[in-house]
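Shown next, in structure tokens, is the structure this report addresses.
Here the structure is a predicted model, which is why all the values come from computation and not from measurement.
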Amino acid sequence: MAIHVGVDVGGTFTDIVLYDDQTGDVRVAKVPSTREDHSQGLLDGLDALPVDPANIDLLVHGTTVATNAVLERSGARCGLLMTKGFRDVIELRRRDRPDTYGLKGRFDPLITRDRRLEVAERTDYRGQVLTPPDRGEVLRAVEQLLANDVEAIIISFLHSYANPSNEQLVKEWVEDVWPNPYVVTSSEILPEIREFERTSTAVLSGYVQPLVDRYLWSLIEKLRSSGYGRDVLIVQSNGGLMSQRLARRYSVNTILSGPAAGVIAAQQVGLSTGDENLITCDVGGTSLDIAIAARGGVATAQDMDLEYGLPIRTTMLDVRSVGAGGGSIAWIDRAGILQIGPHSAGADPGPVCYGLGGTRPTVTDANVVLGRIGSERPIGRESGWVFDKSGAETAIRETIAEPLGISTIEAAWAILQVAHDRIAASLRLMTVERGHDPRDFALVAYGGAGPLHACAVLRELEISKALIPPWPGITCAFGCIAADIRHDFTRSLNVRLDEVDVASFYDDLERQVVEGRELIEREGVEVASVDVAYQADMAYEGQVHEVRAPLPVRRCDRDGIREAFEQAYSAQYGNKVSGRPVRIVTTRVSVIGVRRRSAGWSGLDSESGTLDEALIGRRPVYFDGCFLDCPVYERELLGRGVRIDGPAVIEQPDSTTVIEPGLSAVVGPGGTLMVRVAA
């Protein structure tokens, strides 16, 4: 395998990277996303590289189709079959409310009540079928849903995690008459305890499946017509890859596809510089995505609320998103306070400076007005794109400056300060609430806007070092081609440890490993090895919240399992409860196909290139009260070991890096910029 292509479709731009692992050739492209058909943006990116699709050996794709469908409420029209008496599970939710301090609030479930129907069936928590379903009742419900123009149907029965037979039987009956393949069972998507989270996750999967399926079919057909004859791999929320065939079936696993790819790439950057503790900070056009990698491992999460009342429960990298991207709109609230986001200008019409019809000022507009982004060549010298600086100034003056009674420059600077504060506050919360001191971490700043704000965040949090990847605006696309194949399996047991047959317990885990290995073989991608990890969610008897503990892969006895739990419990809470029975709630198996690593991104590293050779001009840039005359450097011409003292601006086709006064950057391994407070 030689030519790898990674594609990350964002809300504003579609990023493409090509890497030839035989020659070391690297090519990148950044083109506007095409929201009406994301596949067109991907094809535009391939044309911009340029590359003949027939010569591509592997194409890996991070997609936002599922995420956008949920956030924009543009998914499929769905129906839900529930156990009799549990029709309103997704609407009753938990004991929470949209407004913490209010007694009223609005929640609109993805499936309205007229499309949620009941089936007289019942399984108890031990898995014993008490009432089997009736075929006639099921088919009458299906006819009612079809008459209601339902496209996808979700089946979620009580305690199906313990015994899925009723769900599977009903699915067979439904498939006999359903006009498409969009039939989802909760036991297949999430065989775990807690019917609300399980049903919500299954509903989300059914809600996005038709859109993901149609998009991937369209993409495959267009790629094949252009000469590409292989499969497309999709980045999952857990940071691993799966085939597009599985992605169409388990669409919910692509909800955090793009951000997860960025975290994988950030880890590779940390490996090249010898930094194990990382705060990853992806500032794109629409959002800020944050994750923590401590001691080389990325934290994972099992629960996340996509929005109020819409929890998703799958294995995913613990990435938090905040509406603070370059395209985030600046506005003044009713109290006269300047705010940033969460609304974004996106790719269409985009920030005012794009000249595409945008009228509301954004963080990007502020950076242009202050000289941090050069309006004459904002995304590289060959792009031919010129930003409308005067339009950005007018929008900031009329929308922000005049209402606040300040100058346009002061208003633009205020927009940046609010953006910096939001980024720093989010990073502080993400680290401190997990017991981490941000000063013990290196900040990996990427995304098109990440390097613009890295120095300000570094100062605010007193972080010792910031790392700017070689092509920060394309980092998520790099993560696509650096990720491994991965499949996760879960199963709820809800049984006391002293009642577990340990031999059968490990037999079940090993059956899941066999299934994972078979899936990896069917992906058809060369892997160097297959790694396996076991985990279990456990708690002391009587406790509501579980602790996730890594289990020995080699078989052990009950004492070994209890010891693994108590070590994890003590690490989280600082003590353990001696003599208290332990309950195993859910087991988790991860099967990872480790892909062969290349010798290095040789195309990103240059031994030659001096500071004088990289100097391409000078311009005034605003820093905290005044404009300073700053040198502007071409990043591709900076050789390893070159030091750049601030104030300075470093430009490249996909992003701009601002080095503030008092800080300096050194070109490190692989072309990574290492930014520190100047000695």
Side-chain angles (χ1 to χ4, degrees), residues 1-10 13-66 211-236 241-249 251 254 257-258 261 265 347 380 382-383 471 473-474 476-485 519-527 593 595-596 598 601-603 653-654:
M1 195 171 289
I3 297 180
H4 308 239
V5 171
V7 182
D8 175 56
V9 179
F13 287 102
T14 293
D15 303 329
I16 315 279
V17 59
L18 177 149
Y19 176 65
D20 189 327
D21 66 0
Q22 293 184 353
T23 67
D25 180 34
V26 176
R27 295 180 230 161
V28 300
K30 198 175 187 74
V31 299
S33 294
T34 50
R35 291 180 63 85
E36 65 282 356
D37 181 3
H38 287 161
S39 63
Q40 187 57 52
L42 189 155
L43 296 173
D44 292 344
L46 295 180
D47 290 339
L49 281 174
V51 60
D52 183 351
N55 295 329
I56 299 174
D57 295 287
L58 178 65
L59 193 150
V60 184
H61 185 9
T63 173
T64 59
V65 171
L211 279 75
V212 172
D213 182 56
R214 286 193 290 267
Y215 166 69
L216 291 177
W217 266 120
S218 171
L219 174 63
I220 292 296
E221 289 301 314
K222 290 178 180 178
L223 287 171
R224 284 175 180 166
S225 65
S226 63
Y228 182 75
R230 296 174 175 81
D231 199 2
V232 174
L233 296 184
I234 306 298
V235 182
Q236 303 179 72
L241 306 178
M242 63 178 171
S243 69
Q244 52 88 16
R245 292 184 297 275
L246 284 176
R248 297 205 303 268
R249 182 179 174 189
S251 304
T254 67
S257 178
E382 297 176 357
S383 69
W471 281 294
I474 315 288
C476 290
F478 273 104
C480 291
I481 57 177
D484 295 318
I485 310 293
L519 285 173
I520 290 173
E521 289 179 5
R522 289 203 292 269
E523 312 279 26
V525 178
E526 179 185 357
V527 297
R595 293 169 59 201
R596 180 174 58 85
S598 63
W601 303 104
S602 57
D654 59 295

Is any side-chain heavy atom of [Y] closer than 4.5 Å to one of [X]?
X	Y	value
Leu42	His61	yes
Leu223	Val232	yes
Thr63	Ile234	yes
Thr254	Val65	no
Ile520	Val527	yes
Val5	Leu46	yes
Gln244	Trp217	no
Thr14	Ile16	yes

For the side chain of [X] and the backbone of [Y], is there at least one donor-acceptor N/O pair under 3.5 Å apart?
X	Y	result
Arg595	Ile481	yes
Ser257	Val235	yes
Arg248	Leu216	no
Ser218	Arg214	no
Asp57	Ile3	yes
Asp231	Ser243	no

Lys/Arg-Asp/Glu bridge criterion (N-O < 4.0 Å) met for Lys30, Asp654: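 No, this pair does not count.
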Basic-acidic side-chain contact under 4.0 Å: Arg249, Asp213: no
Partner of Val60 under side chain to side chain contact (heavy atoms under 4.5 Å, CB included), chosen from Val17, Val7, Val525, Leu233: Leu233
Plane angle bin for Tyr215 and His38 - parallel if under 30°, tilted between 30 and 60°, otherwise perpendicular: perpendicular
Identify the heavy atoms of [X] and [Y] that sit nearest to each other, and give their distance.
X	Y	result
Gly45	Ala29	O-CB, 3.8 Å
Leu246	Leu519	CD1-CD2, 4.0 Å
Ile56	Arg230	O-NH1, 3.1 Å
Arg245	Arg522	NH2-O, 3.6 Å
Ala48	Val31	CB-CG1, 4.1 Å
Ala66	Ser251	CB-O, 4.2 Å

Nearest-0.5 Å distance, OG of residue Ser225 to CD of residue Glu221: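 So the gap between those two atoms works out to 7.5 Å.
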Pair Phe478-Val26, side chain to side chain contact (heavy atoms under 4.5 Å, CB included): steps then yes or no: CA-CA 10 Å; Phe478 273 104; Val26 176; 3.9 Å; yes
Residues that Asp8 engages under salt bridge (charged side-chain N to carboxylate O under 4.0 Å, His left out), provided they are two or more places apart: none
Derivation of the side chain to side chain contact (heavy atoms under 4.5 Å, CB included) call for Asp484 and Leu241: CA-CA 6 Å; Asp484 295 318; Leu241 306 178; over 6 Å; no
